[in-house]
Colleague: 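I'd like to ask some things about the structure below.
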2 protein chains.
Amino acid sequence: MNIKMIIQYDGTDFHGSQIQPSVRTVQEEIQKCLFQLFGTKVLTIFSGRTDAGVHAKQQTINFKIDSSQIPADKIIHPLNNILPKDILALSSEEVSEDFNSRFAAKKRIYRYFIRNTHDIFRNRYSLIHPYKIDIDQFNIWAKIFIGEKDFQSYCSAKAEVKHYICKITELKFFQHEDEVVMEIHGNRFLHNMVRIIISSFMELNRNTLNIDDIQRILDKKDRIYAPKTMSPKGLFLWEVIY
Amino acid sequence: MNIKMIIQYDGTDFHGSQIQPSVRTVQEEIQKCLFQLFGTKVLTIFSGRTDAGVHAKQQTINFKIDSSQIPADKIIHPLNNILPKDILALSSEEVSEDFNSRFAAKKRIYRYFIRNTHDIFRNRYSLIHPYKIDIDQFNIWAKIFIGEKDFQSYCSAKAEVKHYICKITELKFFQHEDEVVMEIHGNRFLHNMVRIIISSFMELNRNTLNIDDIQRILDKKDRIYAPKTMSPKGLFLWEVIY
């Protein structure tokens with residue numbers, strides 16, 4: 001049977017979601033617990049990778065098991081009893097055998113949280129940007145990224161992908177309590193893409209780049225021209241839509 | 001000179017605010033850093049103790065130093081560079097020599113956060129209560145605790161105090177996103193008092209106690225009759241008013 005599961009994790013103490021040798025990853029921790037639960041090696045498929053330090057409010061995964069004595073929607077309970085405290089399973093259900101959480105995803109939503117002053121309860125989850133943010137202005141600038149575009153300049157030079165075309169259907173900023181939130185919706189995201197996009201807004205806000213520069217950077221299709229990759233700690237994979 | 005400082009801390013990994021031998025406390029961590037900064041032993045006075053696991057959104061402390069090469073309002077910057085990541089200094093100022101953060105406090109405000117479902121980003125900061133909460137009903141029940149009353153039943157039996165009279169000037173519940181918040185204002189709070197009060201509401205909500213039982217518990221003036229002490233993790237010292 002094929003199980004679709006929604007999980008949360010605090011990315012602070014992980015070297016990203018994807019299994020790598022000799023570092024702590026979300027995938028390895030979950031697979032260790034699934035092995036403990038089902039007594040057999042279980043391979044998980046994630047909707048997408050998240051980098052070291054990036055959080056997930058809702059990440060979707062799926063995995064196949066021969067059978068389960070636990071009803072599909074109850075698997076999260078014994079699993080949560082053994083998961084480390086920075087991973088939580090939110091829901092599980094049986095889905096058709098051909099469901100693949102990566103390839104079936106229609107839309108991914110990310111949020112990036114920015115704040116003006118330190119707060120110990122938000123330090124793991126938001127970036128300090130000590131400049132005033134004009135949300136209306138940010139939302140005007142945001143239009144440059146919307147649409148189907150080549151985001152090669154906004155992709156880590158290390159990434160190996162067939163193409164750099166991504167369709168951004170929504171990009172908006174809004175106030176949430178004492179923080180500013182960027183929410184971005186897209187069919188796919190390249191490695192570091194959201195963190196380079198938010199970085200562009202920080203540069204625009206400091207007047208170190210203007211909107212024409214951003215267009216030129218996009219047109220260059222080369223990572224070297226875009227601003228630095230912003231810290232992962234303000235970034236959340238917020239939801240994956242199927 | 002006498003320095004008044006507002007600090008924040010995440011109580012999860014502390015054995016409370018007050019210095020005790022061989023355990024990690026907020027006071028000891030701060031005093032270690034003040035020693036490093038000023039090169040001399042500095043004694044801090046806290047507005048009040050917080051228990052192991054209790055957080056502070058704003059705790060007020062004061063301490064005396066001979067002199068400072070750093071302007072009083074700038075002390076927080078070098079201090080924050082050396083404080084552990086679960087303590088943050090928010091502001092500092094010079095105050096009159098006779099100011100004492102404990103005795104000068106007019107009002108203490110605490111908040112307790114309750115949620116219905118798990119969320120990994122709130123697990124350190126809120127209590128899971130799996131029953132529906134009727135906020136209007138909670139605010140009616142809340143009236144029983146308001147006023148100047150003897151709270152001996154609501155005080156840890158281990159506490160050594162001269163008397164148990166506390167004046168509660170406000171006690172209200174409100175919704176905040178997907179959590180219910182209890183906010184309580186009082187001139188003083190006894191050891192574990194807020195955590196036993198919130199516990200009473202949980203019992204009222206589960207119908208294991210009714211409001212007449214609560215009055216009888218208050219009248220008994222004996223800890224043994226009141227409900228158990230609720231987890232510290234949902235509790236924040238929110239603000240101290242002078």
Side-chain angles (χ1 to χ4, degrees), chain A residues 5-14 17 26 29-30 50 53-59 73 76-81 83-92 111 113 115-126 128 130 174-179 181 231 233-239, chain B residues 5-14 17 26 29-30 50 53-59 73 76-81 83-92 111 113 115-126 128 130 174-179 181 231 233-239:
Chain A
M5 184 177 276
I6 297 176
I7 62 170
Q8 265 189 346
Y9 46 85
D10 180 325
T12 311
D13 298 328
F14 290 108
S17 60
V26 180
E29 292 293 332
I30 289 197
T50 56
V54 176
H55 315 290
K57 182 81 170 175
Q58 288 192 23
Q59 164 75 283
D73 64 328
I76 58 165
H77 304 302
L79 185 62
N80 280 329
N81 286 338
L83 278 171
K85 69 180 165 84
D86 44 6
I87 307 178
L88 181 73
L90 296 178
S91 67
S92 54
R111 285 191 179 183
F113 292 82
R115 50 183 303 119
N116 204 253
T117 54
H118 284 281
D119 181 294
I120 214 159
F121 305 104
R122 294 294 302 163
N123 271 357
R124 293 155 76 97
Y125 308 125
S126 59
I128 299 289
F174 57 92
Q175 188 77 32
H176 178 258
E177 300 191 346
D178 56 353
E179 296 179 358
V181 186
S231 161
K233 68 179 185 169
L235 183 58
F236 286 73
L237 172 57
W238 201 254
E239 200 183 345
Chain B
M5 186 177 275
I6 298 177
I7 62 169
Q8 266 189 346
Y9 46 85
D10 180 324
T12 311
D13 298 327
F14 290 108
S17 60
V26 180
E29 292 292 334
I30 288 196
T50 55
V54 176
H55 315 290
K57 182 81 171 175
Q58 288 193 21
Q59 165 74 281
D73 63 327
I76 58 166
H77 303 304
L79 186 62
N80 280 329
N81 285 339
L83 278 171
K85 68 181 166 84
D86 44 6
I87 307 179
L88 181 73
L90 296 178
S91 68
S92 54
R111 284 191 179 182
F113 292 82
R115 49 183 302 119
N116 204 252
T117 54
H118 284 280
D119 180 295
I120 215 160
F121 305 105
R122 293 294 301 164
N123 270 358
R124 294 155 74 97
Y125 308 125
S126 59
I128 299 288
F174 57 92
Q175 189 78 31
H176 178 258
E177 301 191 346
D178 57 353
E179 296 180 357
V181 187
S231 160
K233 69 178 185 169
L235 183 59
F236 287 71
L237 171 58
W238 201 254
E239 200 184 346

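All values below come from the heavy atoms of this structure, side chains included, with hydrogens, waters and symmetry mates left out. Letters A, B, ... are given to chains in the order of the sequence lines, protein chains preceding strands, and every chain is numbered from 1.
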Colleague: Please output the residues of residues 5-14 of chain B in contact with chain A, using a heavy-atom cutoff of under 4.5 Å, in numerical order.
Modeller: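 B:Gln8, B:Tyr9, B:Asp10, listed by number.
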Colleague: Please determine whether side-chain contact (heavy atoms from CB on, under 4.5 Å) holds for the pair A:Phe121 and B:Arg124, giving the CA-CA distance in whole Å, both sets of side-chain angles, and the decisive distance to 0.1 Å.
Modeller: CA-CA 10 Å; A:Phe121 305 104; B:Arg124 294 155 74 97; over 6 Å; no
Colleague: Check whether A:Ala56 gets within reach of chain B through its side chain, its backbone, both or neither, counting any heavy atom under 4.5 Å.
Modeller: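 Looking at A:Ala56, just its backbone touches chain B.
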Colleague: B:Asp119 and A:Leu88: which non-hydrogen atoms are nearest, and at how many Å?
Modeller: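 So the minimum-distance heavy-atom pair works out to N-CD2, 4.0 Å.
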Colleague: Which heavy atom in A:Asp86 sits nearest to a heavy atom in B:Ile120, and how many Å separate them?
Modeller: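 Scanning both residues, the minimum pair turns out to be C-CD1, 2.9 Å.
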Colleague: Go through the structure and list residues passing salt bridge (charged side-chain N to carboxylate O under 4.0 Å, His left out) with A:Lys233, not counting sequence neighbours.
Modeller: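 If we apply the salt bridge (charged side-chain N to carboxylate O under 4.0 Å, His left out) test to A:Lys233, skipping adjacent residues, there are no hits.
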